[in-house]
Amino acid sequence: MVRVPEGPFLMGGDDADAFPADGEGPVREVHVPAFHIDATTVSNARFATFTKATGYRTDAERIGWSYVFDGFVHPRARAHVLAGIVPGAPWWRPVAGAGWRTPEGPGSGIGDRPNHPVTHISWNDAAAYAEWAGKRLPTEAEWEKAARGGLVRKRFPWGDELAPRGRPRCNIWQGDFPHRDPATRGRPATVPVDAFAPNGFGLYNVAGNVWEWCADRYSADWHAPRTPVTRVDPQGPPTGDTHVMRGGSHMCHASYCNRYRVAARSSNTPDSSAGHVGFRCAASA
């Protein structure tokens, strides 16, 4: 884990290409106590240690299926694709038997990617791992402060330019979404948890690769009023049906979902899982 110092930072964004419904703004000064956070997202190997020690079964394993991007479904898993699509995102296919051990469905595996981020993880799964590890999930404010790496009001963890000097700094969709991503070239869509250079605090892949769960329940406007609970170590709204996800994933693309910006946010229900969602843990200093 790395230590993030106590102090205020400017949270949120007002980018012209932001999604107003997501509630990225207003830009506001938020004070966060010192805390520790994992330098990387939890890997397949680390999650395997947890399940071996506890016998834990993920929500996807208990439910019997999870969402896989259509272009990544393993050939042997085509027979396991279930009926139904996600409104507005027909590239997501429910696949019976898909889960963290079989990320592209039956026939796939993680034997050759122990250092890749674990995927198909629900908020419930992430919270269970964190408790076992003696940690917790980061608050949304902690996550964003850590992801910014000490930079002020920059679009990305390394600055304002997506690919400085033409060099990619994160794992996002490179081609024509959702039809073709030449960057994958047959390899798994994720990259190792320590791929690319870390940010100023030493965190890897806080943009792209996999979405990361936060502790907070989601609201598009709870944080907008300037009050002590929203400006000093905010913990998120007290009620809500979904939880915050941050950082974007390997499936984000400027033409559809440019939520790999550091201020961007999304959400999902606590029992949902898919092939582009993982997590990292935090701990109070």
Side-chain angles (χ1 to χ4, degrees), residues 1-5 35-52 72 100-101 103-104 108-121 125-126 129-130 132-138 142-151 154-159 161-174 181 183-214 245-252 259-262 264 274-283 285:
M1 304 186 85
V2 299
R3 187 179 189 276
V4 179
F35 64 98
H36 294 89
I37 191 167
D38 288 344
T40 71
T41 52
V42 173
S43 66
N44 285 315
R46 287 165 62 193
F47 198 78
T49 299
F50 160 60
T51 60
K52 183 177 180 180
F72 299 152
W100 74 273
R101 291 185 175 91
E104 291 83 47
S108 65
I110 56 172
D112 60 345
R113 31 186 152 158
N115 199 35
H116 281 234
V118 65
T119 57
H120 295 279
I121 297 299
D125 302 332
Y129 175 97
W132 169 80
K135 304 178 184 180
R136 57 177 173 78
L137 295 180
E142 287 175 333
W143 189 95
E144 184 171 327
K145 182 174 183 177
R148 289 188 176 278
L151 299 182
K154 298 298 183 181
R155 287 172 58 84
F156 308 110
W158 53 85
E161 190 177 354
L162 178 60
R165 301 178 184 176
R167 298 177 180 176
R169 296 293 301 271
C170 63
N171 179 30
I172 57 176
W173 193 277
Q174 299 294 322
D181 183 1
T184 61
R185 298 178 182 174
R187 64 165 173 77
T190 56
V191 296
V193 296
D194 55 357
F196 302 102
N199 73 359
F201 286 149
L203 275 71
Y204 293 84
N205 291 326
V206 281
N209 215 23
V210 290
W211 281 102
E212 300 180 26
W213 288 111
C214 292
M245 300 191 305
R246 285 301 207 111
S249 79
H250 59 270
M251 290 182 58
C252 283
R259 290 182 176 90
Y260 42 86
R261 294 171 295 103
V262 75
H276 66 334
V277 182
F279 70 105
R280 75 180 73 213
C281 297

(message) F196 vs N209, test: side chain to side chain contact (heavy atoms under 4.5 Å, CB included). Steps then yes/no.
(response) CA-CA 11 Å; F196 302 102; N209 215 23; over 6 Å; no
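Here the side chains of W158 and P164 are in contact, with some heavy-atom distance below 4.5 Å. Residues V193 and R280 fail the side-chain proximity criterion, which asks for heavy atoms closer than 4.5 Å. The shortest distance between side-chain heavy atoms of L137 and W143 does not fall below 4.5 Å. For the pair F72/H276, no side-chain contact is recorded, criterion being any heavy-atom separation below 4.5 Å from C-beta on. At least one side-chain heavy atom of I172 sits under 4.5 Å from a side-chain heavy atom of L162. Side chains of F279 and D38 form no contact here, defined as non-hydrogen atoms less than 4.5 Å apart. V277 places none of its side-chain heavy atoms less than 4.5 Å from the side chain of V210. In this structure, P157 and L203 have side chains that are not in contact, with every pair of non-hydrogen atoms separated by 4.5 Å or more.
The minimum heavy-atom distance between Y204 and P198, with the atom names listed, is CE2-CD, 3.6 Å. The minimum heavy-atom distance linking C170 with A207 is given by the pair CB-O, 3.2 Å. For the pair F35 and R136, the tightest heavy-atom approach, listed with the atom from each and the gap, is CB-NH2, 4.4 Å. Contact between S43 and P114 at its shortest, heavy atoms only, is CB-O, 3.4 Å. The minimum heavy-atom distance between R113 and P103, with the atom names listed, is NH1-CG, 3.6 Å. The minimum heavy-atom distance linking P138 with I37 is given by the pair CB-CD1, 4.2 Å.
Here D125 contributes atom CG and W100 contributes atom CH2; the two are 11.0 Å apart, rounded to the nearest 0.5 Å. Put simply, CG on N199 and CZ on R169 are 9.5 Å apart, with the number rounded to the nearest 0.5 Å. Distance check, rounded to the nearest 0.5 Å: OH of Y260 to CE of M251 gives 14.0 Å. Rounding to the nearest 0.5 Å gives a distance of 8.0 Å between CH2 of W173 and NE2 of H250. The CZ atom of R155 sits 11.0 Å away from the CZ atom of R148 when rounded to the nearest 0.5 Å. In this structure, the separation between OH on Y129 and CZ on R46 is 4.0 Å, given to the nearest 0.5 Å.
Under a 3.5 Å cut-off, the side chain of R3 and the backbone N or O of F201 do not form any donor-acceptor pair.
Between K135 and E142 no salt bridge is recorded (no basic side-chain N to carboxylate O distance below 4.0 Å).
The side-chain hydrogen bond (donor to acceptor under 3.5 Å, both in side chains) test with D194 is passed by exactly one of T41, N115, N205: N115.
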